[in-house]
Each structure stands twice: as C-alpha cells, then as structure tokens.
Undergrad: 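Pasting a structure below so you can have a look.
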Amino acid sequence: MRRASSRKLPDTMNIVFAVIERRIREGVTAYLSGQVAELPPIAVEQPKESSFGEFALPVAFSLARQLRKAPRAIAAEIAAGLPPIAGVASIEIAGGGFLNLRLDRGAYAEGLLRGEDVPSVIVPGKVIVEHTNINPNKAAHIGHLRNAVLGDTFVRMLRACGRKVEVQNYIDNTGVQVADVVVGFHQLERKTPDDVRALIAAGRFDYYCWDLYAATSLYYKSHSEAKQLQRDALHDIESGAGVVAELGHLIADAIVECHLTTMLRLGITYDVLPRESEILHLQFWATAFELLKERGAIYLETEGKNAGCYVMAGSHFRENAGDEDSKVIVRSNGTVTYVGKDIAYQMWKFGILGKDFHYKPLRTYDDGHVAWVATSEPYDGVSPQFGHGTEVYNVIDSRQSYLQDVVVAGLRALGFPDQAEKSVHFGYEMVALTPRTCVELEIPVSEEDKQKPYVLVSGRLGLGVKADDLIDKLTEKARYEVDSRHAEKSAADRAAVARDIAVGALRYFLLKFTRNTVIAFDLQEALSFEGETGPYVQYAAVRARNIFRKFAERGLTLPDFATVLDAAAMGRQLADENCWQLLVAASKAFKAIESALASGEPAAVAKYAFTLAQSFNVFYHDYQVLTEADPEKRAFLLWMTDYFRKQLESTLGILGIPAPEYM
RNA sequence: GCGCCCGUAGCUCAGCUGGAUAGAGCAUCUGACUUCGAAUCAGAGGGUCGGCAGUUCGAAUCUGUCCGGGCGCACCA
C-alpha cells in the first residue's frame, strides 16, 4: 500500500528529472490507451546520443506488429497526436522510429533552482538490512569490508529514497570459530580469563586472535585428537557456564568492539546486534522447532545417513530433489545446526516468532546514535523496538546461497509465503587477491596460482589482508600526497584530510564492481588515487568548493540566484549545448539512485558519481566562473557550480564517502 | 554427477526490463599549468562481445548447445 504525500527528499537530492520522466510515461500511456487495443510497456530511455534530446521512447517498435505499420509511421502519428506534456518542449522522430523528446531548458533549470516541492511516494514499513556478521574471533579482513560497505551503501540508498531502515549485525558468538580461539587460549597457551583480560586491555586484541586462530587451526591438522577439544569447547560455550564459556564471552565481546571500531573508520554504524547466545538462552530455537515440526516443515529421519536427525526435505528448496538432498536441521545428538538458528532469527526479523530479545546500549556514536546489543536479561531502561520488518535483506556472500535458500524455504513451509517472498539474499562474490599482491604481502603462492588472475586466500590460516592494515596503508599514502601539496596546513588538519581520502579510495574501490563480480584485490590498484576512484570524485567536490572560497576571498558577494535567474535567463544561458548537457547529467543523481536500488546494484551509484565528477571537471575546464564579465552569465555559472557541488556532495554521501575540505 | 555464477579492448571492468555508431579506467603515445585550473583536461591507437545455432523489425543482452574458468552441493558456518 502506497500513499502519496508532499515532502522534500533528504539533502539536496533533486528529483525533477525523475518526475518529468514519470510524467512522460503517464502521458504517453494515457494517450495510447485510447488508441490501441493492447498497450505495450512504455519504456522511457536515455537516447544514445545526447544531441537527440533527453528522453527516447521506442514504443513505436513495440506497436509495429500489432498495428501492421512501419515503426516510423507509427511514431509520426504519436508525435502528431500526443497532447503537450508539461516541461517537454518538442518531440522528434528519429532513426527507424524512435520518439525523441527535448526538455524546456529554461523551465527545467528553474525547477532545479527552486527545488519544486513535488509529491513523492512514501513506502510504509521497515526494511531490515543485515550486514557485516563477522565471526567474532579475529580481525576483520578485506572480504568483510566488501560485505559491510555494500550493506552500508545499500542502507544509505534506501534511506535516500525515503525508506525506514534498521541495520542489524548478527554476532555468532557461540560458534566453532570462537571455540577455536578459546581452545587456543585455554589449551595451547594455558591462559586464564584474567590473562585474556590483560591482553584485551593491551590493545590490538583482534590481531592477536588472528594469529592464535591460525595457530590453533594448524594444531588441529597435526593433532587429530584435538578436534575433540573443539567439540568440548563448543559444548561448554553453548551451555554458558564455566571457564571456557567465560573465555568465549570475553573474546567475542572484545572482538566485536574491535570490529565496530574498524567499521566506524569507514563511517559504518549499526542499530542492533542480535547474538546467537541470546537466541539459545531465550529459547528462540525451541519455539521455531515446535512450529517447524507442527507444520510439517521438518521431520525425524529414520533411515539412511541422516537417521536420527530432523531434516528438511530437499523438495522444499530445490527442484528435482532426491532424498539425499535433504538438509539436516537438528543433529542426531539433539543440537541444532546454524541453519535452524537462522530460520528462528529470520522469523524474529519479521516479528512472526512471537518472542523478542532484551537489549542494552552497546555503543554511542558521535552523533548520539546508539547501537544496541541483544541481552538475555531485561535492561534497566527503555529500548527501541527492533525487528518487525516488512522486508529483509541479508548481505551474505554468494557461496551461502544454498543455506539462504533453505532459510527461505523454511519460512514458506511454515506458512509464511509473504515473508519468504520478502526475504532477499543480497549476495555478492568473494574478494580474492592478485598473485602479485600475494607476493608483496609474502603470502605463499604456487607457480600454478601465479598464472591465474586471482588467488583465494585462507583466513583460517591467517593469510589475507586485514582491514585495519589496509586502511592504515591507504591513509599513509594519502598523507604523503596531502603533505606534498599542502605543507602550510596543520598536521592534524592534514591527517584528517588523509583519512577522508583513504575512506574514499577504499569504499569506492569496493563499490565499483557489481555484486557478482569476483574482486581480484590488487594493492597497487587500490592505492591509486587517479582515474575511476573515490579521490577523483572527492577532488571534483573540492574544486567546486574552491571556486566559492576564492570568490569569498576576493570580497565578492553571491547573487540571489532565484531573483537573477528566472526561466528566461536560464533559457538564454542554456542555449549553450555543452552547458545544458552538463546540467542534465548533474540532475540525474536521484534517478541514478532509484534505478540502482531497483537493480540492487550500489555499483551503479558509484558509476554515476564518477561520471558526475567527470562532467564537473569538464565544466571546470571549459568555463571561467570568477573572471566572467557578464553578470547574468556569471550568476548562472556560479549557480551551476553550486548545483554541481550539492549533487557531488549528496552522491558522495550515499556512497558513504566524505568530502574533504581541501585536497 | 547436480545447482549457481562468469567469459566484452593488452589489463581491470560497465553496459538498466532486447533498441540508434559496443563504453569507462589503467597501461601506451601526443599535447595543455602566469588563470577558480594537473589527484585534472584534450586527443590517438586498441573489439569476429568465448564458439555455433535459434527467437525477431532489431541480440553483448533472451533460448538451446558446446568450450573454458570459478563457487557451492556437511550431523562447519
């Protein structure tokens, strides 16, 4: 259910282009529905060449068969009969039968300047986006960053389009990965909880665990009997009592803090952290288990390799499934698998489990926003309501698509088809390393691997690129560049700018690839600040600001754009084709975000940001703003600069990339 | 064996529900800083869109098939 209301979009995101596009679609639909029997879908496209106008409709081609006429003739009839559309100046027929539409330039620019208060659509309900979800047993690496940056950017896109969003970061604090590090501390290093507390206080605890986890994995390899230690530890952690459980909590909680701090460096924050320990203690699984049995979603297997287990039949989540495809949900020893817990968790997200966590504040960010964490005991205070989402996006690596299918099948088998429909696995491919980057980082690679475009590395063995190391490296490189350009600025100032640039470079690098592209991470490429990179876009925003800074330094005052630049003046200035094309390109930010949201590709926003920056750089090169003698033209160029600046800054904001003061 | 994904310029990648002459960045070569102006801009070269067949006014895009590569298919997560 959608309701229309009049509201302004966040920031300066201008939606005039999208509004006119909609108006064209509706106008053509209304006209044609009175003309033809079967109305084809009306596509409004961008012409191949910008000189063709701003909109192209290939509708005549779709009608050719039905009307048994040449597309060009149909296009001519539509062009002649179509009633005027507000904002559209002309219609032309081109190519084999395209309808090309041109905007009324003066009116369009005036609309951009005044920020037309157009009716926008608010979608009720809450979108839940789950991302990050790093096992709390070691430092975050580059693969985790892809997850978090993708998720965080998607959240920003949703919010820019007026959606209410809740960001969840699920913490598997009772799983085998935590158990492994517990075994490392407890059995290999013989450390007490107090020893571990001291290590946590000493700092870089996530790095310590990174190495210890690798050492423990190696130990398992050479001591087959040690696997029993892992099973025992896992059991003790799940039961929640004793030294082992204490160690588990200490480790997981400390590592979560490390992860939150790492992510904050990239501007990534969370609303709530549900934890597996609470899912266990609050009996979420027990509730889901009863329901799954009751509704026949799972059954007790009596024969074959899965005898004694509760399984979900493969036919629920896979076509042409045989008995061997069924998925174990409860093991023969009575313990529940991860997927089982995930079904319970997914139900909770939709508010259909009938249970809830308790919460307490975990961290307060600088802007006052609080990240809450799930607890078993009631918190002494008021907490927000979490869960009860109407749509759920799980940002999880594509390799887990099979398990995500099982979770969704679980909802469907439980009789929640709507929620199953609204459960989206927001999958993405892994981050691998280029062979030369492996060599640079002293990661061993075989001769065979050296011939491949990328190499998969194992976090289990302690190989890979740690997130904080990478951010440090980028900051260092940026600092070097800033120092060489702005020696006059204070050191603290330069450090802040370097941090912004590092964030821009990293976030853009992770976002420029579409989700199902494997990223072959190359250190040299990631450290580049030229070409299609975050710093390129940041630099364009900085250049736009520089013009206003210089303007103020010369003691000049800005004209009131609204009075100086009426539709007629805009029309005169925009007769300049080059200028007009640049303005149109700049005004498509909202459309870019909208379509990126529809296709689920944050990369499309990154791409748009880059082309927007390119457009501004062309503008910057082609027009002298400050030295322009003609007052109207100067006002116009200043307004263009200001418009570009706002569009650049808000698009960077969607990407989570800061705009530095100078570069 | 079954399932999912990928194959586009020397390299790394875009290409929206089929649309007009297939685009970027990097690399290579040439040119542009007295200016709001070089983390930048202008230009050049570089393509049988893995192969074949089909669908139609039209295919990088949809279908089939083959070749090549990746990832899944645990009582791990």
Side-chain angles (χ1 to χ4, degrees), chain A residues 41 43 45-49 52 56 58 61-62 64-65 70-71 94-98 100 133 135 172 175-177 230 234 305-306 308-311 314 318-322 324-325 327-333 335-339 341-342 397-403 405 427 429-430 432 434 452-454 456 478 481-482 485 501 505 512-514 516-520 522 524-525 528-533 535-536 538-540 542-551 553-554 595-596 598-599 601 603-604 607 610-611 613-614 617-618 620-627 637 641 663:
Chain A
E45 301 171 352
Q46 322 288 297
K48 187 79 188 163
E49 297 287 331
F52 292 166
F61 295 104
S62 329
R65 169 173 285 195
F98 277 96
N100 289 341
N133 299 1
N135 272 305
D172 183 5
V176 279
Q177 294 216 25
Q230 183 191 50
L234 190 57
K305 60 174 180 158
N306 293 332
C309 300
Y310 276 91
V311 302
R318 181 180 282 191
E319 282 178 47
N320 310 321
E324 71 281 5
D325 290 325
K327 173 70 193 166
V328 171
I329 304 297
V330 178
R331 304 183 187 100
S332 53
N333 68 1
T335 58
V336 58
T337 61
Y338 177 81
V339 192
K341 284 178 270 196
D342 221 20
D397 152 15
S398 292
R399 285 178 289 193
Q400 296 195 43
S401 61
Y402 161 72
L403 296 170
D405 287 347
E429 276 291 348
M430 62 209 165
T434 60
K452 293 180 178 172
Y454 57 83
L456 266 176
E481 300 290 339
V482 173
R485 290 169 171 83
I501 293 170
K512 71 192 276 193
F513 302 94
T514 50
N516 59 13
T517 296
V518 176
I519 296 183
D522 188 79
Q524 275 184 45
E525 209 188 318
S528 163
F529 297 159
E530 289 167 19
E532 197 193 335
T533 65
Y536 176 94
Q538 292 174 306
Y539 188 60
V542 165
R543 281 178 135 185
R545 284 185 187 171
N546 281 347
I547 293 178
F548 291 100
R549 206 193 60 231
K550 286 277 178 182
F551 191 80
E553 277 172 17
R554 294 182 186 188
S595 72
S599 62
E601 283 294 1
K607 204 70 170 177
F610 176 63
T611 58
Q614 271 186 320
N617 280 327
V618 168
Y620 191 77
H621 185 260
D622 291 354
Y623 301 92
Q624 287 288 314
V625 180
L626 296 187
T627 59
L637 292 177
T641 306
M663 278 178 80

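Quantities reported herein were computed from a predicted structural model and do not represent experimental measurements. Here is how names work: the chains are called A, B, and so on, in the same order as the sequence lines, proteins then strands, and each is numbered from 1.
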Undergrad: Considering only B/U12, B/C5, B/G19, which nucleotide approaches the side chain of A/Glu429 most closely?
TA: B/C5
Undergrad: Does any N or O donor sit under 3.5 Å from an N or O acceptor when you compare the side chain of A/Asn133 with the base of B/A77?
TA: no
Undergrad: Quick one: which of B/G25, B/A20, B/U40 gets closest to the side chain of A/Asn617?
TA: B/U40
Undergrad: Between A/Arg543 and B/U40, does any side-chain N or O lie under 4.0 Å from OP1 or OP2?
TA: no
Undergrad: Compare the minimum distances between each of B/C75, B/A39, B/C71 and the side chain of A/Leu456, then state the nucleotide with the smallest one.
TA: B/C71
Undergrad: Whether A/Arg399 contacts B/C4 is assessed here as follows: a side-chain N or O lying under 4.0 Å from the phosphate OP1 or OP2. Is that the case?
TA: no
Undergrad: Sticking with atom C1', work out how far B/C11 lies from B/G47, rounded to a whole angstrom.
TA: 15 Å
Undergrad: Roughly, in whole Å, what's the span from CD in A/Gln400 to P in B/G70?
TA: 21 Å
Undergrad: Counting only distance, no hydrogens or angles, is the base of B/C5 paired donor-acceptor with the side chain of A/Ser398 under 3.5 Å?
TA: no
Undergrad: Examine B/C6: is either OP1 or OP2 under 4.0 Å from a nitrogen or oxygen in the side chain of A/Asn516? Give yes or no.
TA: yes
Undergrad: It should be established whether A/Asn306 places a side-chain nitrogen or oxygen under 4.0 Å from OP1 or OP2 of nucleotide B/C75.
TA: yes
Undergrad: On a whole-Å scale, what distance lies between the C1' atoms belonging to B/G10 and B/C73?
TA: 38 Å
Undergrad: Mind checking if A/Arg554 touches a base, just sugar-phosphate, or nothing, with heavy atoms under 4.0 Å?
TA: sugar-phosphate
Undergrad: By nearest atom, which of the nucleotides B/A39, B/G25, B/C36 is closest to the A/Tyr620 side chain?
TA: B/C36
Undergrad: May I ask you to say what A/Phe610 touches in the nucleic acid, namely base, sugar-phosphate or nothing, with a heavy-atom cut-off under 4.0 Å?
TA: sugar-phosphate
Undergrad: When you check the phosphate oxygens OP1 and OP2 of B/A14, does a side-chain N or O of A/Thr517 lie under 4.0 Å from one of them?
TA: yes
Undergrad: Just compare B/U12, B/A74, B/A38 and give me whichever is closest to any side-chain atom of A/Lys305.
TA: B/A74
Undergrad: Which nucleotide in the set B/U12, B/A24, B/G15 lies at the smallest distance from any side-chain heavy atom of A/Glu532?
TA: B/A24
Undergrad: Strictly by Watson-Crick or wobble contacts shorter than 3.5 Å, is anything paired with B/A20, and which nucleotide is it?
TA: none
Undergrad: Is any side-chain nitrogen or oxygen of A/Gln46 closer than 4.0 Å to OP1 or OP2 of B/G19?
TA: no
Undergrad: Is there a side-chain polar atom (N or O) of A/Tyr310 under 4.0 Å from OP1 or OP2 of B/C75?
TA: no
Undergrad: Check the phosphate of B/A77 against A/Tyr338, side-chain N and O only, distance under 4.0 Å to OP1 or OP2. Yes or no?
TA: no
Undergrad: Between A/Tyr536 and A/Asn617, is there a side-chain donor-acceptor contact under 3.5 Å, judged purely by atom types and distance?
TA: yes
Undergrad: Which of these nucleotides, B/A14, B/C41, B/C75, is closest to any side-chain atom of A/Lys607?
TA: B/A14
